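Below is one structure; the comments refer to it alone.
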Protein chains: 2
Amino acid sequence: MGYVTRWLDDDEQRAWRAFMGASQLVQEELDRQLQRDSGMPHAYYAILVKLSEAPERMLRMSELAAELSSSQSRLSHAVARLEERGWVRREPCAADKRVSWAVLTERGLTVLAAAAPGHVEAVRQSLFDLLDPEQVRRLTEICTAVLDRAKAGGAGEPGRRKG
Amino acid sequence: MGYVTRWLDDDEQRAWRAFMGASQLVQEELDRQLQRDSGMPHAYYAILVKLSEAPERMLRMSELAAELSSSQSRLSHAVARLEERGWVRREPCAADKRVSWAVLTERGLTVLAAAAPGHVEAVRQSLFDLLDPEQVRRLTEICTAVLDRAKAGGAGEPGRRKG
DNA sequence: CTCATATGCTTGAGAGTTCAAGTAAGGTGG
DNA sequence: CCACCTTACTTGAACTCTCAAGCATATGAG
């Protein structure tokens, strides 16, 4: 523990605050838009999207959690709420009785279809309308680099076990 | 509204998911690190930092909220908790009795000083160690562009009034 | 001066997230 | 076939955040 802390220099400070600020801002804008216009938080929207893209529109809870980088606990609570609303249904798995499938219902698909246009519009306003194509390319590259480390087994990702 | 939705193309999809993924990942890593090592969420840490940088280590609640891009409600709840821990103290304002000052206590400063090195280390691991200086420069530019629109009076920022 | 409105902040209820336990089922070595 | 560990998922309590009201104090119009 005999470290001397390497503080952030001015450029790093600026970068850090800009990144955190932009992250927070975009997240909150999206969350607010979805809550206001479609009555769901962004996390729930993301669940519906993932299910809609899956074969048969169903995924095992653990797969779904992994795809969303979400903890199993969070997903379990969320799917419970989505089930109450009739947007998602759970089905037991015959082959492995521990597993449960999350299935997007017709009603869930309808709700998602209704929510999507407004969401996309909000995404454009929060991000893409503000950046030129070159910036978008760079942002993708940078964020991918950040994400790759996590997948490569960095410390402390939620809902994942190292392996 | 007779709009035809302009969906995201493949590049935009990738950019969007990378950005959201990286934002979420970094936020959660930082939150977890601070919670684990210093027993506070990142939002509370940010409050302590802002106060520590202010003259006399004190700010009016509304100023503090504005600097943090936080709603007044959130800040009020948070400061209540920080007060219970003795890290922050509230003081009434003689000139305007509606105002209350949030003041960083000695104990709060000590806690912040103890938390900071681990936090900075986590920031490096989550972000700066993964990027070269040119990428950091680009990230700053991009995030600043995203933030500037909000300050320039975009729709729906939390805890702010337009004007 | 007085009433209406705006401002600064707080409060309470409802919701989502987290962490730590807890249940149940699958797999394995003896 | 029986303990034992792992895997898949759920549950409950504590905590934070949000939204909508709710005070109390300025401020301005008449």
Side-chain angles (χ1 to χ4, degrees), chain A residues 24 27-47 59-85 88 90-102 156-163, chain B residues 24 27-37 39-47 59-66 68-85 88 90-102 156-163:
Chain A
Q24 198 192 331
Q27 296 247 30
E28 283 174 356
E29 278 181 359
L30 269 281
D31 233 6
R32 194 178 337 279
Q33 181 271 324
L34 278 168
Q35 192 72 57
R36 174 169 43 75
D37 297 344
S38 308
M40 69 181 117
H42 184 258
Y44 289 15
Y45 181 85
I47 292 173
L59 282 171
R60 294 185 321 198
M61 293 292 283
S62 46
E63 279 185 66
L64 187 49
E67 292 225 34
L68 294 164
S69 304
S70 161
S71 70
Q72 289 205 135
S73 174
R74 163 158 61 173
L75 181 63
S76 193
H77 284 297
V79 168
R81 302 293 165 277
L82 291 172
E83 216 172 2
E84 287 169 10
R85 302 181 186 193
V88 168
R90 277 187 239 238
E91 279 188 13
C93 174
D96 184 338
K97 290 179 187 163
R98 292 168 307 176
V99 169
S100 88
W101 294 87
E157 324 90 294
R160 291 179 179 241
R161 284 99 224 256
K162 48 190 163 181
Chain B
Q24 198 192 331
Q27 296 248 28
E28 285 174 354
E29 278 181 1
L30 270 280
D31 232 6
R32 194 178 344 276
Q33 182 272 324
L34 278 167
Q35 192 72 57
R36 173 169 43 77
D37 298 344
M40 69 181 117
H42 183 259
Y44 290 15
Y45 181 85
I47 292 173
L59 283 170
R60 296 190 325 215
M61 292 294 282
S62 47
E63 279 186 66
L64 186 49
L68 295 164
S69 305
S70 161
S71 70
Q72 289 204 134
S73 175
R74 165 159 57 172
L75 182 63
S76 193
H77 283 297
V79 168
R81 301 293 164 278
L82 291 171
E83 215 172 3
E84 287 169 10
R85 301 181 187 193
V88 169
R90 278 186 238 238
E91 278 188 11
C93 174
D96 184 339
K97 289 178 189 164
R98 295 169 303 176
V99 168
S100 88
W101 294 87
E157 324 88 295
R160 289 178 179 242
R161 285 98 225 255
K162 47 189 163 182

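If you're wondering where the values come from, they're calculated on a predicted model, not measured in any experiment. Order of the sequence lines sets the chain letters (A, B, ...), proteins ahead of strands, with each chain counted from 1.
Terminal axes of the helix from dC1(C)-dG30(D) to dG30(C)-dC1(D) (five pairs each, C1' rotation axis) are separated by 10°, to the nearest 10°.
With sequence neighbours left out, Arg81(A) forms a salt bridge (charged side-chain N to carboxylate O under 4.0 Å, His left out) with Glu84(A). Glu91(B) meets the side chain to side chain contact (heavy atoms under 4.5 Å, CB included) test with Met58(B), Arg89(B), Trp101(B), Val103(B); sequence neighbours excluded. For Asp37(A), there are no salt bridge (charged side-chain N to carboxylate O under 4.0 Å, His left out) partners, not counting sequence neighbours. For Arg85(A), the side chain to side chain donor-acceptor pair (under 3.5 Å) test picks out no residue, with sequence neighbours left out. Judged as a side chain to side chain contact (heavy atoms under 4.5 Å, CB included), and not counting sequence neighbours, the contacts of Arg90(B) are Met61(B), Ser76(B), Val79(B), Ala80(B), Glu83(B), Ser100(B).
Considering only side-chain N and O atoms, Ser62(A) lies nowhere under 4.0 angstrom from the phosphate OP1 or OP2 of dT7(D). Between Gln72(B) and the phosphate of dG8(C), there is no side-chain N or O to OP1/OP2 separation shorter than 4.0 Å. Contact annotation: Tyr44(B) side-chain N/O to dC15(D) OP1/OP2 distance is not under 4.0 Å.
Considering only heavy atoms from C-beta on, Pro92(B) stays 4.5 Å or farther from Lys97(B) through its side chain.
Separating the CD atom in Gln72(B) from the NE2 atom in His77(B) is a distance of 12.0 Å, to the nearest 0.5 Å. Atom CD of Gln24(A) is separated from atom CD of Glu29(A) by 11.0 Å, given to the nearest 0.5 angstrom. With rounding to the nearest 0.5 angstrom, the CD1 atom of Ile47(A) is 12.0 Å from the CD atom of Glu67(A). Atom CG in Leu75(A) sits 9.0 Å away from atom CG in Leu82(A) (nearest 0.5 Å).
Computed from coordinates, the Gln27(B) CD to dT18(C) P distance equals 12 Å when rounded to whole Å. In this entry the distance linking CD of Glu91(A) with P of dA8(D) reads 19 Å, nearest Å. Spacing between atom CE of Met40(B) and atom P of dT17(C) amounts to 23 Å, rounded to whole angstrom units. Atom CG in Leu75(A) sits about 12 Å away from atom C1' in dT17(C), given to the nearest Å. Rounded to a whole Å, the CG atom of Leu82(B) is 13 Å from the C1' atom of dC15(D). Regarding Leu34(B), its CG atom lies at a distance of 17 Å from the P atom of dC15(D), rounded to whole Å. Rounded to a whole Å, the CZ atom of Arg36(A) is 18 Å from the C1' atom of dA15(C). For the pair Gln24(A) CD and dT16(D) C1', the computed distance is 14 Å after rounding to whole Å.
Note on Ala80(B): nothing from the nucleic acid sits closer than 4.0 angstrom, heavy atoms only.
Mapped onto DNA chain D by nearest heavy atom, Arg90(A) and Ala78(B) fall at different nucleotides, with Arg90(A) at the one closer to the 5' end. Remark on DNA chain C: of its neighbouring residues Arg81(A) and Ala95(A), the 5'-side contact belongs to Arg81(A), judged by nearest-heavy-atom nucleotide.
Of the candidates dG16(C), dC9(C), dC9(D), dC9(D) carries the atom nearest the Val99(A) side chain, counting heavy atoms from C-beta on.
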Review item, nucleotides 19-25 of chain D N/O atoms under 3.5 Å of protein N/O:
unit_1	atom_1	unit_2	atom_2	d
dC19(D)	N4	Ser73(B)	OG	2.5

